[in-house]
Amino acid sequence: MASTFPHTYFYNSKRPRNASREKRARTPQTNPDTDLILKPRIFKTARSKRNQSFLVERNSVSLTRALSSYVERGYMKNALDLFENMRQCDTFIWNVMIRGFVDNGLFWDAVDFYHRMEFGGVRGDNFTYPFVIKACGGLYDLAEGERVHGKVIKSGLDLDIYIGNSLIIMYAKIGCIESAEMVFREMPVRDLVSWNSMISGYVSVGDGWRSLSCFREMQASGIKLDRFSVIGILGACSLEGFLRNGKEIHCQMMRSRLELDVMVQTSLVDMYAKCGRMDYAERLFDQITDKSIVAWNAMIGGYSLNAQSFESFAYVRKMQEGGKLHPDWITMINLLPPCAQLEAILLGKSVHGFAIRNGFLPHLVLETALVDMYGECGKLKPAECLFGQMNERNLISWNAMIASYTKNGENRKAMTLFQDLCNKTLKPDATTIASILPAYAELASLREAEQIHGYVTKLKLDSNTFVSNSIVFMYGKCGNLLRAREIFDRMTFKDVISWNTVIMAYAIHGFGRISIELFSEMREKGFEPNGSTFVSLLLSCSVAGLVNEGWEYFNSMKRDYNINPGIEHYGCILDLIGRTGNLDHAKNFIEEMPLAPTARIWGSLLTASRNKGDVELAEIAAEHILSLEHDNTGCYVLLSNMYAEAGRWEDVERIKFHMKKEGLEKSVGCSVVDLSSKTFRFVNQDRSDNEINMVYDVLDIISKKIGEDVYVHSLTKFRPSDLEKKRANSAKSHSLRLAICFGLISTTIGNPVLVRKNIRICEACHRFAKRISETTKREIIVRDSKIFHHFNGGHCSCGDYW
DNA sequence: TTAGGGTTAG
């Protein structure tokens, strides 16, 4: 029978202490259980003097029994009423009450009672402290825990093994593993519980290595393990992916009866699943005779972790076949990553609906997992809505929302949210930083990149491999390739992502040969490439025009590394084919591809068609793009420009009309120059202030000096009636030119001029930048929406194909 | 009357 006592009633650590009695007094007696030893009416009569003495007389026997009975059944309201009517309460009675609160999760009340007890002059004993220490752990109240610890030492009870073990558990739970270690070290006698508490304690703070070494030490001391030791150490193996150690422990257990324990079996299933061995996990799971919801969840979560999404759902169905077990909130959490992986938004929504219908929400972890799922599926609105409505948020929730923004290209929003987080008491962690840095990589100036790098160093997160990888990428994207390389070279622990990142950084700058050298170095150092490595490598070949090398790497993927090329790899190869100008080959390549072409693939064909001036093929490619992404304005603009160059004015008008009808607007071209103190932004035909006139003067001088008349050249194909309009919008005053001229006069000779641009460079400006780099003998670096163009001595690193 | 457990969010 469930208790009618509302357990959450007293559990509010923020509630002022003196409010508890007042609240209790207002609470109506709701317990209908009149079969208890003492009925409620006895409390009323007990207030007379005669009955008080009666109670005192019987305090030691019936009342104590009644109190224990209430406490054991979770009727804390009744227990409390009874307690308040007891005149003389010894340590035992206080202990019963404190234990009752702890068992019912009412930690704050347990601590409150302990203080009342002390204030009343009743001394705590060796039974009191384990309860009180557990309550401090339950409240995650380190200060109170330390005060109680001090009291224990003062009382001379610190040698009690139960108290010592409770302290270890409390400190580990709060995350103060050093304090737990200190208690453990100073214990005169340790038992199996002490060792087990340390083994599990290390796991709870995420240190599987020390847990394993503690376990080894325990075994070396000749102490025999029990089910708790096994569950603890298997947790360490799961945490660190120690498959060999996990198997070793499994073998040890096969000789004992521990293997038949359902919790041990579940821990084994979990360990194998987390070590990537679902085959072993399945075999063990099948051997469990009475499968609990936890065991099912371990399998469902295991499949989810190992990217076997369909199996996760299949196990949920199987679990329900017997009709006894039903999905719980942990099942929901385990099902959300598979929804994201399959990009099955409807499935994700149905999991969300199920959680609502079954009363699982609000729930911090579940809501965070839902934010993550919506973000992964590209649905920012519901993610924002959920995040906004959360009663409680922790750092992980903030990280999930920030990552949702960056993954979906909402970099500004990500940066704003990150600023909000920094203004709170929460301190960003490595995940926060690794989630926000891609936004800085996309939007930030080199100056801002340096600032966030400084902040990361201050947080002491710069040695984290995840974070360092993001910093390398950020510097690469912000244009400081040397700095990116320097950080990469100094990294102590490089992983495959570190190599992929640095190869990608050189790729986007068009230094394909260096990317290839880095790939060889990576192989020599024993790193196994993955699919992403080949995306970086093939992009390097594509941007640098290394056609033969690109094909060789593409062919080696399956042959030498057993990696099936994905759509991204096909896209890079298509760019390579596009460079050769063989459009038939490009068309055939798409037709023969084993994967369905995406908008990115058709975009590659569109670029190739534009470079060869093949309007018909461009139309086909554009049609495919717009069927997949109807709001792709870049595609409309490119096609419109091609029609204009071919003199097909009706088609230009048709596109213009269609865009207007669809409410699509051409992106405003914008170029940015970052100086050490300030960022300067230019738009086409910029006349924003008087100072700009100086830039125009410089542009005129330079244009005359380089002797280029791009302006005339680019307008020869326009019909006379449009010339006036085109002249006003001509490439001559495109934002990029203004930015380059500004950069030339604002930076020191010898240094490159770095310009960031939001859309691709037009052909006229590309020619202009090449000429200007030759004439002024300055290096001009332009970052467009896709890659970097390094203009030097009249040449561009992209090989005039972009 | 006291201490320890399996599944969960990036």
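Predicted, not measured: the structure shown is a model, and the values here were computed from it. Residue numbers start from 1 in every chain, and the chains themselves are labelled A, B, ... in the order their sequence lines are given, proteins ahead of strands. Computed over heavy atoms, backbone and side chain alike; hydrogens, waters and symmetry mates excluded.
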Please tell me which of the listed nucleotides, [options], lies nearest to the side chain of [X]?
| X | options | value |
| --- | --- | --- |
| A:Pro130 | B:dT1, B:dA3, B:dA9 | B:dA3 |
| A:Val365 | B:dG4, B:dA9, B:dT2 | B:dA9 |
| A:Asn399 | B:dT1, B:dT7, B:dG10 | B:dG10 |
| A:Val294 | B:dG10, B:dG6, B:dT1 | B:dG6 |

Stacked cation flag A:Arg283 on A:Tyr280, 6.0 angstrom / 45 deg =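 Cation-pi check for A:Arg283 and A:Tyr280: fails.
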
Does A:Lys173 make a cation-pi contact with A:Tyr140 (under 6.0 Å, within 45 degrees of the axis)?
->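 Ring-cation test returns yes.
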
[N] base / [X] side chain donor-acceptor hit below 3.5 Å:
| X | N | value |
| --- | --- | --- |
| A:Thr432 | B:dG10 | no |
| A:Asp429 | B:dG10 | yes |
| A:Ser197 | B:dG4 | no |
| A:Ser267 | B:dG6 | no |

Under 4.0 Å, counting only non-hydrogen atoms across every strand here, what does [X] touch: a base, just sugar-phosphate, or nothing?
| X | result |
| --- | --- |
| A:Asn126 | base |
| A:Arg99 | sugar-phosphate |
| A:Asn95 | base |
| A:Ser166 | sugar-phosphate |
| A:Lys274 | sugar-phosphate |

Phosphate OP1/OP2 of B:dG10 contacted by A:Lys407 side-chain N/O (<4.0 Å) =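 Checking A:Lys407 against B:dG10: no side-chain N or O falls below 4.0 Å of OP1 or OP2.
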
Please assess A:Phe418 against A:Ile433 for the test side-chain contact (heavy atoms from CB on, under 4.5 Å), listing each intermediate value before the final yes or no.
-> CA-CA 9 Å; A:Phe418 176 66; A:Ile433 299 301; 4.1 Å; yes

Rounded to the nearest Å, what distance is computed from the [atom1] atom of residue [X] to the [atom2] atom of nucleotide [N]?
| X | N | atom1 | atom2 | answer |
| --- | --- | --- | --- | --- |
| A:Phe466 | B:dG10 | CZ | C1' | 8 Å |
| A:Leu426 | B:dA9 | CG | P | 19 Å |
| A:Leu284 | B:dG6 | CG | P | 18 Å |
| A:Phe285 | B:dT7 | CZ | P | 15 Å |
| A:Tyr129 | B:dA3 | OH | P | 17 Å |
| A:Leu366 | B:dT8 | CG | C1' | 9 Å |
| A:Asn165 | B:dG4 | CG | C1' | 8 Å |
| A:Ile293 | B:dG6 | CD1 | P | 16 Å |

For DNA chain B, find the residues of [range] with a heavy-atom distance under 4.0 Å and give them by number; none if there aren't any.
| range | value |
| --- | --- |
| residues 167-193 of chain A | A:Ile169, A:Asp191, A:Val193 |
| residues 324-338 of chain A | A:Trp329, A:Ile330, A:Ile333, A:Asn334 |
| residues 297-321 of chain A | A:Asn297 |

Report yes or no: does A:Arg393 contribute a side-chain atom to a donor-acceptor pair with the main-chain N or O of A:Trp398 at less than 3.5 Å?
->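 Flag not set: sc A:Arg393 to bb A:Trp398 has no pair under 3.5 Å.
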
Using atom types as modelled and distance alone, determine if a side-chain donor or acceptor of A:Asp191 lies under 3.5 Å from a backbone N or O of A:Ile161.
->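 No; judged by distance alone, with no hydrogens or angles, the pair does not exist.
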
Would you check if A:Phe127 stacks with the base of B:dT2, given a 5.5 Å centroid limit and a 30° plane limit, both strict?
->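 According to the criterion (under 5.5 Å, under 30°), no, A:Phe127 does not stack.
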
Sole residue of A:Tyr303, A:Trp296, A:Tyr272 in ring pair (Phe, Tyr, Trp, His ring centres under 6.0 Å) with A:Phe285 |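 For A:Phe285, the ring pair (Phe, Tyr, Trp, His ring centres under 6.0 Å) test succeeds with only one of A:Tyr303, A:Trp296, A:Tyr272, which is A:Trp296.
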
Is it true that [X] and [Y] have a side-chain N and a carboxylate O under 4.0 angstrom from each other?
| X | Y | result |
| --- | --- | --- |
| A:Arg99 | A:Glu72 | yes |
| A:Arg123 | A:Glu118 | no |
| A:Glu248 | A:Arg216 | yes |

Criterion side-chain contact (heavy atoms from CB on, under 4.5 Å) on A:Lys318 and A:Phe313, from CA distance to verdict = CA-CA 9 Å; A:Lys318 265 167 92 177; A:Phe313 284 100; over 6 Å; no

Quick one: do A:Phe83 and A:Phe113 satisfy ring-ring contact (aromatic ring centres under 6.0 Å, His included)? Show the steps, please.
-> CA-CA 11 Å; A:Phe83 176 85; A:Phe113 254 64; 5.2 Å; yes

Candidates A:Asp270, A:Thr331, A:Thr266 - the one meeting side-chain hydrogen bond (donor to acceptor under 3.5 Å, both in side chains) with A:Asn297 =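 With A:Asn297 as partner, A:Asp270, A:Thr331, A:Thr266 yield a single side-chain hydrogen bond (donor to acceptor under 3.5 Å, both in side chains), made by A:Thr331.
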
Would you please test A:Phe354 and A:Phe360 for side-chain contact (heavy atoms from CB on, under 4.5 Å) and show each step?
-> CA-CA 9 Å; A:Phe354 185 90; A:Phe360 299 150; 3.9 Å; yes

